[in-house]
Each structure stands twice: as C-alpha cells, then as structure tokens.
Amino acid sequence: MNVGKIAQGLQRALRTRPVPLGTEARLRFLLAAHRGSTRQVAAVLGVSQRTVQRWVTKKPGARRPPGPAQARAIEEAVLVRWQPRVRARLRARAEAEGFVLHTRARFGFAAAAGSSDDPRVRWITQSLPGEVARELFAARDAGAGEQQQMVILARALGHAYFRDGGRRGHGLHIAFTDVEFADFSIG
C-alpha cells in the first residue's frame, strides 16, 4: 500500500493514540474488535479460521506466523478499524473549523528570475479553512492520488500565503512539489 506524504499526514492527524505495532498486537486488536471470534477475523482477512487459530495459539510448536502478504492485510484491517469515532469527530472539526498545515516542500510561483517568490524549498505553517479540509477529504475518499491532493493544497496555500486571502497577487501560478512531509493540526 503506497501512501503519499499528504495521506500519511492526514492519517496521523486523525489518530489520538498510536496504532498497535507488530503483527501479534494487531491480531489481538482484531480479535478484541470482533469479540474473540477467529471466524470473523478470518472472514475479514480472507483466510481460513484455522489459519487465524494457528497465528494466535499459545501452544509452543503449533504457532505459525503470518506471511508478508497476510501481515499487510492485518495492518490494513487494523487501520480501517482504529479509532473510528475519534476519526469522525476530528474530521468533522476540521471540515467545520479548518486546520493548520505544517509542511516542507518546494513552494512558490512562476516569477521573473531572481524573484524571492520563485519556487524553492520552504517551511510553511499555514492555517487553512474548512472548505479545503472538505475538498481534501472528499478527494481522498474518492481515491485521489498524491498529485491531486497536492493541487488542492497548492491552490489553498497560494490563496492564503501568496495572495493574502485574495487581496494581492491575482493570477499567480502556484508551484507546490517535492513534499518532504505534511502534518496537519486539527482543533
């Protein structure tokens, strides 16, 4: 599962506790989420009930660790089920009140050579409105890639950062590329 920097930042912002690390801890979480039913966990992961029982058994010689493909499936299943109410509450807050974007990326606009606003790597911390959060979450839910999410953030950052909320710099073409990291603060 290849997730871009922006999607990773959104995922981090929507969690208040770290996701369980390690396959054993993730399996324990899935079992707890499904009230201890190895049958339900097996159905979620697309494996047999006996396979899940082998993964979680306490018997010394009977335990079999999941392979790399199964470990990825377990991780994805945990991420989908991790803190659903917290994620919904934080998303609603971001869509209503906006969020703060902290990023280091190549950012600027096409200007005359030597201009201080030429695209260059910048540290940016900018408050963005709820409309941007709604658009970003809608794009993510629709399966938009990193490039499309960068276009949304470039437009929003250009408006808030360079155009000063629409008071200056009309018609500038904003460049927002080479994202090193993107973190979001909600509420």
Side-chain angles (χ1 to χ4, degrees), residues 1-37 40-41 43-46 71-107 121-166 174-187:
M1 184 164 105
N2 188 8
V3 178
K5 306 277 190 217
I6 295 169
Q8 288 174 352
L10 283 173
Q11 287 175 357
R12 281 191 303 269
L14 295 176
R15 291 189 205 121
T16 58
R17 293 187 336 221
V19 177
L21 296 177
T23 306
E24 282 186 51
R26 290 176 177 158
L27 280 169
R28 281 194 307 270
F29 169 77
L30 286 175
L31 281 169
H34 292 284
R35 298 183 180 147
S37 171
Q40 290 179 1
V41 172
V44 166
L45 299 174
R72 278 192 301 279
I74 292 167
E75 178 183 9
E76 290 173 11
V78 168
L79 289 175
V80 166
R81 289 160 180 78
W82 188 250
Q83 296 186 310
R85 291 185 303 228
V86 170
R87 286 195 322 255
R89 187 179 67 240
L90 287 172
R91 179 178 175 161
R93 182 181 293 163
E95 290 176 349
E97 302 170 7
F99 61 90
V100 177
L101 171 66
H102 311 276
T103 187
R104 180 173 162 90
R106 186 165 304 281
F107 183 62
V121 175
R122 301 174 192 245
W123 288 88
I124 295 176
T125 298
Q126 183 67 49
S127 185
L128 297 172
E131 301 89 52
V132 176
R134 280 191 292 279
E135 189 177 357
L136 200 56
F137 282 122
R140 185 191 69 166
D141 293 346
E146 183 82 355
Q147 192 63 37
Q148 195 171 356
Q149 293 174 359
M150 284 180 17
V151 168
I152 293 167
L153 288 176
R155 188 172 54 248
L157 284 171
H159 181 73
Y161 187 84
F162 281 119
R163 295 185 193 108
D164 194 21
I174 303 301
F176 184 64
T177 57
D178 304 332
V179 176
E180 292 179 20
F181 72 89
D183 283 326
F184 300 85
S185 297
I186 300 172

Heavy-atom side-chain proximity of Ile124 to Leu101 below 4.5 angstrom | no
Separation between CZ of Phe181 and CZ of Arg104, rounded to the nearest 0.5 Å = 8.0 Å
Arg91 CZ to Leu10 CG distance, which is reported to the nearest 0.5 Å = 9.5 Å
Check: Phe107 and Thr177 side chains under 4.5 Å, non-hydrogen atoms | no
Please name the pair of heavy atoms, one in Ala105 and one in Phe176, separated by the smallest distance, quoted to 0.1 Å.
-> CB-CE1, 3.7 Å
Taken to the nearest 0.5 Å, the spacing of Glu180 CD from Thr103 OG1 works out to 8.0 Å
Minimal heavy-atom distance between Glu146 and Ala7, with the atoms involved, is OE1-N, 4.0 Å
Less than 4.5 Å apart, any side-chain heavy atom of Arg81 and any of Phe29?
-> yes
Checking side-chain hydrogen bond (donor to acceptor under 3.5 Å, both in side chains) against Asp183, which of His102, Arg12, Lys5 comes through?
-> Arg12
Over all atoms of both residues, closest heavy-atom pair of Phe184 and Leu136 = CE2-CD2, 4.0 Å
To the nearest 0.5 Å, how far apart are CD in Gln149 and CD in Gln147?
-> 10.5 Å
Kindly give the heavy-atom pair with the smallest separation between Ala77 and Val44, and that separation in Å.
-> CB-CG1, 3.9 Å
Name all pairs fulfilling the side-chain hydrogen bond (donor to acceptor under 3.5 Å, both in side chains) condition that reach into residues 16-28, sequence neighbours left out, sorted by first residue then second.
-> Thr16-Gln83
Report yes if some heavy atom in the side chain of Leu14 is under 4.5 Å from a heavy atom in the side chain of Ile186; otherwise report no.
-> yes
With side-chain contact (heavy atoms from CB on, under 4.5 Å) as the test, would you mind laying out the steps for Arg155 and Glu135 before giving the verdict?
-> CA-CA 11 Å; Arg155 188 172 54 248; Glu135 189 177 357; 2.2 Å; yes
If you take all heavy atoms of Arg15 and Leu79, which pair is closest and at what distance?
-> NH2-CD2, 3.5 Å
Atom of Val132, atom of Ala156 and distance for their closest heavy-atom approach = CG2-CB, 3.5 Å
Using the side-chain contact (heavy atoms from CB on, under 4.5 Å) rule, take Ile74 and Leu30 through it: C-alpha gap first, then chi angles, then the decisive distance, then the call.
-> CA-CA 8 Å; Ile74 292 167; Leu30 286 175; 4.1 Å; yes
Between the side chain of Ser127 and the main-chain N/O of Val100, is any donor-acceptor distance below 3.5 Å?
-> no
Distance col, row Glu95:CD vs Phe137:CZ, nearest 0.5 angstrom, shows 6.0 Å
Just how far is it from atom CZ of Arg85 to atom CZ of Arg89, taken to the nearest 0.5 Å?
-> 9.0 Å
Kindly say whether Ala139 contributes a backbone atom to a donor-acceptor pair with the side chain of Gln148 at under 3.5 angstrom?
-> no
Give a yes or no on whether a salt bridge exists between Glu75 and Arg72, defined as a side-chain N under 4.0 angstrom from a carboxylate O.
-> no
